[in-house]
Amino acid sequence: MNTLRAVIQDAQARGDAVGHFNVSDLVLLKAVLAAARELDVPVMVGLSEGEREFVGTRTIGALVRSLREEFDFPIFLNADHTHSLAKGIEAAKAGFDAIVFDLSALPFAENVRQTKQAVEALKSINPSMMVEGEIGDIGTGSEIHDAAPDLAKGLSSPDEAKHFVESTGVDILAPAVGNMHGMLRSMVKGETKKRLDIERIAGIKRATGAFLTLHGGSGTDDDDLRRAIAAGINIVHINTELRVAWRHGLEQGLAKMPDEVVPYKIVPPAVEAVKQVVLSRLRLFNGKRRAA
Ligand SMILES: [Zn+2]
């Protein structure tokens, strides 16, 4: 089985990106794995601190490891948006393949100082764990927002990206390049799309040479996603689109069977709705592999 690093490297060499999908229950996990297996492309699942709180850090570590072995399939586990070293250490000990150590809300110098410490501490527990750092402001909350936050001032520059990567030793960088967490109501309806600053992505890639993650990928213009991957994005995070599909699918299941109480008879439409979203995103992220 390839390591996550080899999988990202391999996708980059081809001009593809690895899809990262947040999961917080078995419906989401089953849907993501089913979609990735159907297309036979590697996949990452991620859980934020809140999602880990609900599922259990050790539980998800054991589940993903077990799925990887049972199906001999490249599914990798990421500790998304981790805000303290204590939570990071918990994830490292539970066997996570990667972590997003996110101190982007702190002043830049403090973010650099503490991220560097975290890289050293986490690698001492698991040297192969990939550590991602985050700079700039892309908002918080993978949910539906009524209004767009003003993120223009929080965009990342190639210079600060280079300084951050060199000073901290992170393997992966999450920059602010026009992306944002969550979706606006108009994006859920498909009326508007997020647009990305492709030039900025290319500049940050040139300056750092690091692997880059695009957070808040839900609701982004398809062509911008393709161009962002060509400009150097290696991992794309999708969460809100899955949550919307999960809710709609569950509502459908409940409406179809008003008297049913057996969970595994009610939730299949939710699995299917989430799977369709994951399939469509994985096809886009793995365009080169699928063309070959
Ligand atoms: Zn994120």
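Just so you know, ligand 1 is whichever comes first in the structure, and atom 1 is the first atom listed for that ligand. As a basis for the values below, the full set of heavy atoms in this structure was taken, side chains included, without hydrogen atoms, waters or symmetry mates. Owing to the predicted nature of the structure, the values given are computational and were not obtained by experimental measurement. Quick note: residue numbers are just sequence positions, from 1.
- A donor and an acceptor atom, one from each side chain of N22 and S24, are nowhere located under 3.5 Å apart.
- For D159, the side-chain contact (heavy atoms from CB on, under 4.5 Å) partners are S157, not counting sequence neighbours.
- V261 belongs to no hydrophobic cluster, as no Ile, Leu, Val, Met, Phe, Trp or Tyr side chain comes under 4.5 Å of its own.
- Taking distances strictly below 2.8 Å, the protein N/O/S atoms close to the Zn ion (ligand 1) are H81 NE2, H181 NE2, H215 ND1.
- With sequence neighbours excluded, the residues forming a side-chain contact (heavy atoms from CB on, under 4.5 Å) with E110 are L106, P107, R113, Q114, listed by chain and number.
- A distance of 11.5 Å separates CG of D102 from CD1 of I135, quoted to the nearest 0.5 Å.
- None of H145, H237, H81 except one satisfies the ring pair (Phe, Tyr, Trp, His ring centres under 6.0 Å) rule with H181; the exception is H81.
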